[in-house]
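FYI, the numbering just counts along the sequence from 1. As the structure lists them, so they are numbered: ligands from 1, and atoms in each ligand from 1.
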Amino acid sequence: MKVGFIGLGHMGAGMAANLLAGGHEVTVYNRTPAKARALVERGAHAAVRVADACRGDAVVTMLADDAALDSIVFGDEGIVANLAAGAIHISMSTISVALSKRLAATHADARQRFVAAPVFGRPEAASAAKLFIVAAGAPEAVDACSPLLEAMGQKTFRVGDEPPVANLVKLTGNFLIASAIEALGEAMALVGKAGVDRGQYLDLLTSTLFPAPVYKLYGGMIAEQKFEPAGFAAALGAKDIRLALAAAETLRVPMPLGSLLHDRFLTLLNHGGEALDWSAIAGLAAKDSAVEGASL
Ligand SMILES: NC(=O)c1ccc[n+]([C@@H]2O[C@H](COP(=O)([O-])OP(=O)(O)OC[C@H]3O[C@@H](n4cnc5c(N)ncnc54)[C@H](OP(=O)(O)O)[C@@H]3O)[C@@H](O)[C@H]2O)c1
């Protein structure tokens with residue numbers, strides 16, 4: 001397919017590379033143009049403006065947050081003003097339910113198609129085309145995107161015709177991951193301070209009650225208190241909890257654990273967390289406990 005790709009950060013760079021590897025004709029755009037260079041060397045076309053990435057069958061966005069996506073989508077230079085009727089905007093960033101609703105309505109008014117397809121998986125999974133994709137939109141639009149989604153992920157889960165549902169599912173997934181990180185951080189601070197080897201403790205947990213990728217991956221980072229480099233930045237993690245709480249407020253669903261996590265992220269960002277991975281909220285428990293080897 002002929003596809004534009006906008007947003008070449010930790011995730012987008014690997015995803016765009018996999019579209020190229022899958023034989024698609026890819027035009028890439030990034031606010032900081034230097035990040036497009038490696039992809040252009042591998043055969044991508046460079047877009048100077050957003051509009052140049054909107055001339056194909058579809059355009060994928062993988063941007064930091066609502067503000068970034070808003071600035072790329074709306075306005076005379078944006079996606080809506082430049083995408084052909086019938087072409088598809090595939091929004092893969094983790095954004096708010098409210099913005100997804102607005103995008104679905106705006107693209108429909110412009111006779112364009114809109115598919116929400118946020119992802120689970122960190123930059124390593126993005127580079128290895130191992131993402132889990134949560135897709136929602138008109139079935140024929142999701143069908144039309146399949147060759148692109150298959151090039152970027154190991155599996156696509158369809159969650160219905162309404163794009164914002166995919167965004168809600170993604171946000172609740174990140175709420176669960178952050179909850180696991182916080183819980184692991186507290187448990188490891190306790191056993192660590194009691195002198196138990198954190199690595200052995202993690203082996204025990206992940207080979208018995210918690211043999212889950214989230215516990216293995218983040219448990220390893222917490223056992224080592226290693227929160228750099230930031231594969232998923234703390235500020236983006238904070239954003240996801242904020243967006244989950246916003247969706248919960250709209251539906252009047254109390255999420256006390258979500259509120260606690262939100263405060264944990266604010267504390268982390270106030271204590272040098274900007275440059276760290278979001279799993280560094282677990283470092284707060286170690287710091288609070290004055291555990292040996294605490295990294296914050
Ligand atoms: N990292 C993960 O593990 C992970 C996993 C699943 C989902 N996600 C989600 O995927 C999305 C991208 O994450 P990431 O880790 O790739 O983030 P990232 O490395 O920070 O990249 C963010 C991208 O957004 C662009 N951007 C930021 N603000 C902008 C603005 N105001 N105008 C235009 N472009 C702007 C950046 O451009 P510049 O290069 O110019 O800064 C960059 O291309 C986020 O929604 C995140 O929540 C991330």
Side-chain angles (χ1 to χ4, degrees), residues 4-18 28-39 44 46-51 53 59-75 77-79 90-97 99-100 103 116-135 149 152-154 156-157 166-178 181 213-214 217-218 221 227-244 246-247 265 273-280:
F5 198 104
I6 300 179
L8 305 172
H10 287 105
M11 298 293 289
M15 293 161 71
N18 286 326
V28 292
Y29 174 87
N30 197 60
R31 176 181 63 176
T32 308
K35 289 191 191 166
R37 206 170 296 141
L39 288 157
V48 177
R49 303 174 309 137
V50 169
V59 59
V60 178
T61 48
M62 193 55 172
L63 296 154
D65 53 18
D66 278 27
L69 184 57
D70 189 299
S71 75
I72 293 287
V73 167
F74 299 104
E77 298 289 313
I79 292 176
I90 310 170
S91 167
M92 302 189 78
S93 326
T94 307
I95 56 161
S96 68
V97 171
L99 179 58
S100 186
L103 287 170
V119 305
F120 287 110
R122 289 170 57 93
E124 307 78 52
S127 294
K130 293 283 186 205
L131 294 170
F132 291 113
I133 300 173
V134 184
L149 301 181
M152 292 184 279
Q154 58 177 301
T156 298
F157 297 84
N167 301 98
L168 183 68
V169 169
K170 167 63 194 171
L171 290 170
T172 59
N174 272 19
F175 160 72
L176 285 169
I177 299 172
I181 291 171
V214 162
L217 173 74
Y218 289 109
M221 294 166 78
F227 305 118
E228 287 173 290
F232 183 45
L236 294 182
K239 173 254 311 179
D240 291 355
I241 298 304
R242 194 171 61 244
L243 296 183
F265 276 109
E274 289 281 354
L276 301 178
D277 193 80
W278 74 323
S279 51

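In terms of protein heavy-atom proximity, atom 5 (C) of ligand 1 is nearest to Gly121 O, 3.1 Å. Of all protein heavy atoms, the one lying nearest to atom 41 (O) of ligand 1 is Arg31 NH2, 2.9 Å. Ranking protein heavy atoms by distance to atom 10 (O) of ligand 1, first place goes to Met62 CE, 3.0 Å. The protein non-hydrogen atom at the shortest distance from atom 11 (C) of ligand 1 is Leu63 O, 3.3 Å. When only non-hydrogen protein atoms are considered, atom 37 (O) of ligand 1 lies nearest to Asn30 OD1, 3.7 Å. In terms of protein heavy-atom proximity, atom 21 (O) of ligand 1 is nearest to Gly9 CA, 3.4 Å. Ranking protein heavy atoms by distance to atom 38 (P) of ligand 1, first place goes to Thr32 OG1, 3.4 Å. The nearest protein atom to atom 47 (O) of ligand 1, hydrogens excluded, is given as Lys239 NZ, 2.7 Å; this is a heavy-atom distance.
Using bins of under 30°, 30° to 60° and over 60° for the plane-to-plane angle, the ring pair Trp278/Phe265 lands in the parallel bin.
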Residue pair Asn174, Phe120: steps toward the side chain to side chain contact (heavy atoms under 4.5 Å, CB included) verdict: CA-CA 9 Å; Asn174 272 19; Phe120 287 110; 3.8 Å; yes

Pair Asp66-Arg242, salt bridge (charged side-chain N to carboxylate O under 4.0 Å, His left out): steps then yes or no: CA-CA 12 Å; Asp66 278 27; Arg242 194 171 61 244; over 6 Å; no

Trace of the side chain to side chain contact (heavy atoms under 4.5 Å, CB included) decision for Phe232 with Asp240: CA-CA 11 Å; Phe232 183 45; Asp240 291 355; 3.3 Å; yes

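Set against the non-hydrogen atoms of Arg122, the atoms of ligand 1 under 4.0 Å away are 3 (O).
Inclusion of Lys35 in the set of residues having an N or O under 3.5 Å from an N or O of ligand 1 is warranted. Checked against a 3.5 angstrom limit, the closest N/O atoms of Leu8 and ligand 1 fall inside it. Some N or O of Ala64 is nearer than 3.5 Å to an N or O of ligand 1, by distance alone.
Of the candidates Thr61, Leu236, Val119, the one placing a heavy atom closest to atom 20 (O) of ligand 1 is Leu236. The option from Val50, Thr94, Leu171, Asp240 that lies nearest to atom 7 (C) of ligand 1, judged by heavy atoms, is Thr94. Closest heavy-atom approach to atom 19 (O) of ligand 1 within the set Met11, His10, Lys170, Met15: this belongs to His10. Considering Ala13, Gly231, Ser71 only, the shortest heavy-atom separation from atom 32 (N) of ligand 1 involves Ser71.
For the side chain to side chain contact (heavy atoms under 4.5 Å, CB included) criterion with Leu131, the lone passing option out of Asn18, Leu149, Val119 is Val119.
The minimum heavy-atom distance linking Ala247 with Val97 is given by the pair CB-CG2, 4.1 Å. In terms of heavy atoms, Ala135 sits closest to Ala166 at C-CB, 4.2 Å. Leu8 and Ala36 make their closest contact through CD1-CA, 3.6 Å (heavy atoms, listed as atom of the first residue, atom of the second, distance). Across all non-hydrogen atoms, the minimal contact from Ile241 to Ala178 is CD1-CB, 3.9 Å. Taking both residues in full, the closest heavy atoms of Ala275 and Ala230 are given as O-CB, 3.6 Å, listed atom of the first, atom of the second, then distance. Scanning all heavy atoms of the two residues, the minimum distance from Arg122 to Met11 falls at C-SD, 3.6 Å.
With a 4.0 Å cut-off on non-hydrogen atoms, Ala68 touches ligand 1 through its backbone as well as its side chain.
Heavy-atom distances between Ala126 and ligand 1 stay at or above 4.0 Å for every pair.
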